[in-house]
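In each ligand, atom 1 is the first atom listed, and ligand 1 is the first ligand listed. Starting from 1, each residue takes its place in the sequence as its number.
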Amino acid sequence: MKITEAKVIVTCPGRNFVTLKLTTDEGITGVGDATLNGRELAVESYLREHVVPLLIGRDAHRIEDTWQYLFQGAYWRRGPVTMSAIAAVDTALWDIKGKAAGLPVYQLLGGRSRDGVTVYGHANGETVDEVLTETARFVDLGYRAVRLQCGVPGLASTYGVSADKMFYEPAKGSAPEENVWSTEKYLNFVPRLFARAREEFGPELAMLHDVHHRLTPVEAARLGRSLEPYHLFWMEDPVPADLQEGFRLIREHTTTPIAVGEVINSIWDCADLIRGQLIDFIRCTVVHAGGITHLRRIFDLAALHHVRSGSHGATDLSPVCLSAALHLDVSIPNFGIQEYMRHTEATDEVFPHGYHFAEGYLQPSEEPGLGVDIDEAAAARYPYQPAYLPVNRLEDGTMHPW
Ligand code: GCO
Ligand code: MG
């Protein structure tokens with residue numbers, strides 16, 4: 001079965017998405033997400049200029065060989081742009097193979113290992129009371145796990161808090177918004193949030209928190225220890241993931257579980273974290289870590305080291321990525337949890353899909369392939385809009401991770 005056409009489709013139903021659509025000589029099509037928030041056109045150009053011309057005529061069934069061809073063949077390896085482009089091709093080829101086999105992709109990955117994919121919702125608010133109200137709303141919606149993010153007294157803004165309580169989209173505008181950060185104000189406040197939350201919801205509810213890359217290892221150790229009485233499900237991205245060794249210091253000081261990986265795009269960039277058991281959850285995704293083929297390798301390495309999956313699933317990962325993630329989530333032995341930030345109606349209109357939420361679980365589509373597509377006519381109604389993620393500065397003006 002040969003690839004005869006490869007289209008790179010950029011659309012913006014409320015936020016930008018980049019999608020690769022492959023067509024074969026047997027009329028079977030496949031889709032892959034290639035969205036890189038704030039740098040979408042870099043991946044679109046990489047695909048259009050350097051990948052698409054090489055795909056035409058290739059055997060669509062040769063998924064691994066195509067992965068290696070695009071990874072080794074580029075000479076310049078790894079990085080978010082390259083790995084998102086390879087991910088889109090890989091995901092589309094798995095979609096095609098599932099359709100050709102007449103099976104949902106999870107059946108090609110070994111079949112179900114669980115009845116449903118546990119997901120977490122996103123409670124956020126300017127005040128603790130607002131966050132607790134939002135948390136109760138997600139519990140009422142049937143969520144078994146909730147991430148709590150709260151405004152920090154004395155700071156005008158912080159990560160994860162938005163006016164819209166169902167959809168969180170931080171990318172906007174033709175230049176990055178500048179936010180101001182204070183680690184001390186944050187560290188003094190967060191334990192109060194979780195003390196109130198545990199008091200309100202009791203010991204059972206799985207509670208997560210995203211630090212969003214903003215601490216040093218010793219500050220993260222302090223935070224982890226201060227949160228131990230509230231036994232979080234995880235503390236996410238406590239420090240920037242560049243220095244894998246830095247996580248050892250956090251690990252030595254706290255039992256609060258650690259999750260990292262949404263910005264990691266290859267197994268080599270998290271192998272030390274996993275082999276050293278420096279983390280508890282690896283959050284890499286289908287769209288940014290080389291597709292189903294590479295992400296499965298990461299999860300297999302993780303399974304050997306007591307590390308579970310916890311894939312990123314924000315609004316800037318399209319329903320194509322989420323559909324593919326669910327096929328992996330439902331089949332791997334070391335599944336932990338799947339992030340699920342709901343997409344808007346306009347996004348769901350552009351990306352018709354078969355996954356659905358019920359009783360705190362997401363269920364993958366049972367359709368052959370991934371169970372998702374792109375409605376090209378609808379996509380054409382939403383042209384690209386420049387949108388940048390914010391940047392952070394300390395109160396003295398020093399640049400700081402956002
Ligand atoms: C999360 C992430 C997101 C990112 C966003 C960047 O845990 O969902 O941290 O909120 O900030 O995906 O594009
Ligand atoms: Mg995060």
Exercise. Can a cation-pi geometry be assigned to R214 and W181, taking NZ or CZ under 6.0 Å from the six-membered ring centre and within 45° of the ring axis?
Worked result: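 Yes, a cation-pi geometry.
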Exercise. Under 6.0 Å from the six-membered ring centre of Y69 and within 45° of its axis: does the NZ or CZ of R58 meet both?
Worked result: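 Yes - R58 lies over the ring of Y69, closer than 6.0 Å to its centre and within 45° of its axis.
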Exercise. Has D210 got an N/O/S atom less than 2.8 Å from the Mg ion (ligand 2)?
Worked result: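 It does; at least one qualifying atom falls short of 2.8 Å.
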Exercise. Does E339 put an N, O or S atom under 2.8 Å from the Mg ion (ligand 2)?
Worked result: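 So E339 does not count as coordinating the Mg ion (ligand 2).
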For [atom], find the nearest protein heavy atom and state the residue, atom name and distance (0.1 Å precision).
atom                    : value
atom 11 (O) of ligand 1 : H212 NE2, 2.8 Å
atom 3 (C) of ligand 1  : Y159 OH, 3.4 Å
atom 5 (C) of ligand 1  : D316 OD1, 3.5 Å
atom 8 (O) of ligand 1  : E339 OE2, 2.5 Å
atom 9 (O) of ligand 1  : E262 OE2, 2.7 Å

Exercise. Which is it for Y340 and ligand 1 at heavy atoms under 4.0 Å: side chain, backbone, both or neither?
Worked result: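 Y340 to ligand 1: no contact under 4.0 Å from either part.
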Exercise. Does R283 approach ligand 1 within less than 4.0 angstrom via side chain, backbone, both or neither, non-hydrogen atoms only?
Worked result: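 Under 4.0 Å from ligand 1, R283 contributes side-chain atoms alone.
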Problem set entry | R147-ligand 1 polar pair, N/O distance under 3.5 Å |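 Yes.
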Exercise. Are F138 and Y143 close enough that their ring centers fall under 6.0 Å?
Worked result: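 Yes.
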Exercise. Taking the six-membered ring for Trp, is the centroid-to-centroid distance between W76 and Y46 below 6.0 Å?
Worked result: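 Between Y46 and W76, which both carry aromatic rings, the centre distance is not below 6.0 Å.
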Exercise. Between F351 and F17, how do the two ring planes meet: parallel, tilted or perpendicular, split at 30° and 60°?
Worked result: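 It falls in the perpendicular class, over 60°.
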Exercise. Is it true that H122 lies under 4.0 Å from ligand 1, counting heavy atoms only?
Worked result: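 Per 4.0 Å heavy-atom rule, H122 does not contact ligand 1.
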I want to check something: taking the side chain as every heavy atom from C-beta on, are [X] and [Y] in contact at a cut-off of under 4.5 Å?
X    : Y    : value
H327 : Q107 : no
I9   : I374 : yes
T118 : Q338 : no

Problem set entry | Heavy-atom proximity to atom 13 (O) of ligand 1, best of D237, L317, N37 |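 The residue whose heavy atom sits nearest atom 13 (O) of ligand 1 is N37.
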Exercise. Rounded to 10°, how big is the angle at the Mg ion (ligand 2) from E236 OE2 to E262 OE1?
Worked result: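 Output for this angle: 90°, rounded to tens.
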For this session: For S331 and Y106, work out which heavy atoms get closest and say how close.
Result: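 The answer is CB-O, 4.3 Å.
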For this session: Below 4.0 angstrom from a heavy atom of W402, which ligand 1 atoms are there? Numbered from 1 as shown, please.
Result: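 Counting from 1, the qualifying ligand atoms are 11 (O).
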For this session: Go through ligand 1 atom by atom and flag the ones less than 4.0 Å from a non-hydrogen atom of H312.
Result: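 Checking each atom against H312, I get 1 (C), 2 (C), 3 (C), 8 (O), 12 (O).
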Exercise. Does a side chain donor of either W234 or T256 reach within less than 3.5 Å of an acceptor in the other side chain?
Worked result: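 Checked: W234/T256 side chains show no N/O donor-acceptor pair below 3.5 Å.
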